[in-house]
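Some notes on the structure that comes next.
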Amino acid sequence: MLSDWIPTLATVVALVSASPAMPAEPIVIAHRGASGYLPEHTLPAYALAFGQGADYLEPDLVLTKDGVFICLHDIHLEATTDVEQVFSERKRADGRWYAADFTLEEIRSLRAHERLEDRFPQDAPGFVVPTFEELLEMVRGLERTTGRRVGVYPELKAPAWHRQQGLPMEERFLELVRRHGYQGRDATIFVQCFELETLERLRALGSELPQIMLFGGEEHDPLATEAGLDRVARFANGIGPSKDRVVADPELVARAHARSLLVHPYTFRADRLEGYPTFDAELARFYVELRVDGLFTDFPDLAVQFLAKRGLR
């Protein structure tokens with residue numbers, strides 16, 4: 001029932017002040033698309049997540065050598081493409097193949113595949129690495145044909161590293177999303193990053209887009225404090241902590257809400273349960289007991305079904 005998830009006053013303020021377009025109910029974020037079913041960061045995975053009812057589609061973004069944003073979890077290519085076979089001689093001294101060393105045309109020649117051995121067959125043909133612009137165009141097309149609005153939740157991956165490679169991300173990113181109509185605090189987008197300086201730089205460039213500060217390991221511990229969250233609240237609309245961090249420090253949700261910050265933890269996987277008898281039990285812990293405002297999942301259909309069963313959407 002709806003009474004199982006009653007947002008605090010701080011949460012309501014966050015939803016209104018951060019962006020009037022944000023739904024006043026918990027959201028489902030399709031982590032790398034419906035990546036529990038199809039290879040991550042491919043257009044079919046994003047399209048499936050759209051069809052499964054996800055509220056937001058999450059692409060990780062890196063830049064090619066010629067400055068094109070592509071949807072890829074890592075700055076490296078070998079985990080999800082056949083780059084080792086196609087361009088065996090193009091690895092760096094550390095033995096890795098970097099997307100920033102390849103043009104879009106070269107990356108187009110690669111076959112994308114599933115990262116995890118126990119999911120979609122890794123040798124399946126027909127998948128390629130999409131550009132971020134292709135994802136945005138697909139979302140607009142699906143919105144037109146279905147009449148349903150779905151947001152995007154891009155992560156700028158390793159901006160400081162890209163800057164060192166002569167590929168600064170921030171201005172190029174803002175130009176692209178503005179061209180596709182994502183402007184202002186009402187836009188159906190969350191811009192996420194693990195690097196505080198990048199979100200500050202986006203604000204300095206005039207962006208009013210909703211922003212999420214991601215919390216990873218111990219390097220982000222100072223930002224989870226009262227003083228740290230005060231700093232985050234000056235340039236972000238919410239936080240994206242790992243679910244392990246939230247379990248270890250459940251009061252983090254309340255501290256964030258007290259500062260009108262949304263809380264969107266990651267990553268929830270039905271095929272990789274730890275400490276819960278069922279996926280619904282894990283979702284109940286976060287959506288109902290901890291009252292997070294949304295979460296990242298590889299299985300958006302199951303999260304949508306859970307919220308529907310609980311009367312939360």
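All heavy atoms count here, side chains included; hydrogens, waters and symmetry mates do not. Along the sequence shown, the residues carry numbers beginning at 1.
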Checklist outcome for this item: By ring pair (Phe, Tyr, Trp, His ring centres under 6.0 Å), Phe87 pairs with (sequence neighbours left out) Phe102

Item to check | OG on Ser207 to CZ on Phe173, rounded to 0.5 Å | outcome: 7.5 Å

Item to check | Basic-acidic side-chain contact under 4.0 Å: Arg140, Glu137 | outcome: no

Checklist entry - With His180, which residues qualify under side chain to side chain donor-acceptor pair (under 3.5 Å), at least two apart? => result Glu133

Checklist entry - Going from CD1 on Ile239 to CD on Gln211, what distance comes out if it is rounded to the nearest 0.5 angstrom? => result 15.0 Å

Next on the checklist: Ring centres under 6.0 Å, that's the criterion: do Phe268 and His31 meet it?
Outcome noted: no

Checklist entry - Is the Tyr153 to Phe296 ring centre distance short of 6.0 Å? => result yes

Next on the checklist: Closer than 4.0 angstrom, basic N to acidic O: yes or no for Glu106 and Lys65?
Outcome noted: no

Checklist entry - Going through the distances and angles, do Asp280 and Arg310 end up as a salt bridge (charged side-chain N to carboxylate O under 4.0 Å, His left out)? => result CA-CA 11 Å; Asp280 273 12; Arg310 291 296 185 119; over 6 Å; no

Next on the checklist: Around atom CD of Glu175, are there more than 12 heavy atoms from other residues, nucleotides or ligands closer than 6.0 Å?
Outcome noted: yes

Checklist entry - Charged N to carboxylate O below 4.0 Å: is that the case for Arg201 and Glu197? => result no

Check: residues 76-85 side-chain donor-acceptor pairs under 3.5 Å, at least two apart:
residue: His76; atom: ND1; partner: Arg96; partner atom: NH2; Å: 3.0
residue: Glu78; atom: OE1; partner: Trp97; partner atom: N; Å: 3.1
residue: Glu78; atom: OE2; partner: Arg96; partner atom: NE; Å: 2.2
residue: Glu78; atom: OE2; partner: Arg96; partner atom: NH2; Å: 3.1
residue: Thr81; atom: OG1; partner: Leu77; partner atom: O; Å: 2.8
residue: Thr81; atom: OG1; partner: Val83; partner atom: N; Å: 3.3
residue: Asp82; atom: OD1; partner: Arg111; partner atom: N; Å: 2.8

Next on the checklist: Within the supplied structure, the quantity of interest is the number of heavy atoms (other residues, nucleotides, ligands) at a distance under 6.0 Å from Glu219 CD; does it exceed 12?
Outcome noted: yes

Checklist entry - Taking NZ, NE, NH1 and NH2 as the nitrogens, is one of them in Arg231 or Glu200 under 4.0 Å from a carboxylate oxygen of the other? => result yes

Checklist entry - For the side chain of His73 and the backbone of Glu40, is there at least one donor-acceptor N/O pair under 3.5 Å apart? => result no

Checklist entry - Any Lys/Arg nitrogen of Glu143 or Arg149 sitting under 4.0 Å from an Asp/Glu carboxylate oxygen of the other? => result yes

Checklist entry - Run the salt bridge (charged side-chain N to carboxylate O under 4.0 Å, His left out) check on Arg259 and Asp230 step by step: do they pass? => result CA-CA 7 Å; Arg259 290 158 176 81; Asp230 285 341; 2.6 Å; yes

Checklist entry - Should the pair Asp118-Arg272 be classified as a salt bridge under the 4.0 Å nitrogen-to-oxygen rule? => result yes

Checklist entry - Below 4.0 angstrom, N of the basic side chain to O of the carboxylate: do Asp101 and Arg92 qualify? => result yes

Item to check | Criterion salt bridge (charged side-chain N to carboxylate O under 4.0 Å, His left out) on Glu25 and Arg291, from CA distance to verdict | outcome: CA-CA 10 Å; Glu25 59 184 21; Arg291 297 180 181 178; over 6 Å; no

Item to check | salt_bridge(Arg255, Glu251) N-O dist < 4.0 Å | outcome: no

Next on the checklist: Do the side chains of Glu171 and Arg178 get close enough for a salt bridge, i.e. N-O under 4.0 angstrom?
Outcome noted: no

Checklist entry - Got Val292 and Pro26 here, is their nearest side-chain heavy-atom distance under 4.5 Å? => result no

Checklist entry - Can you say whether the rings of Phe279 and Phe299 are parallel (under 30°), tilted (30 to 60°) or perpendicular (over 60°)? => result perpendicular

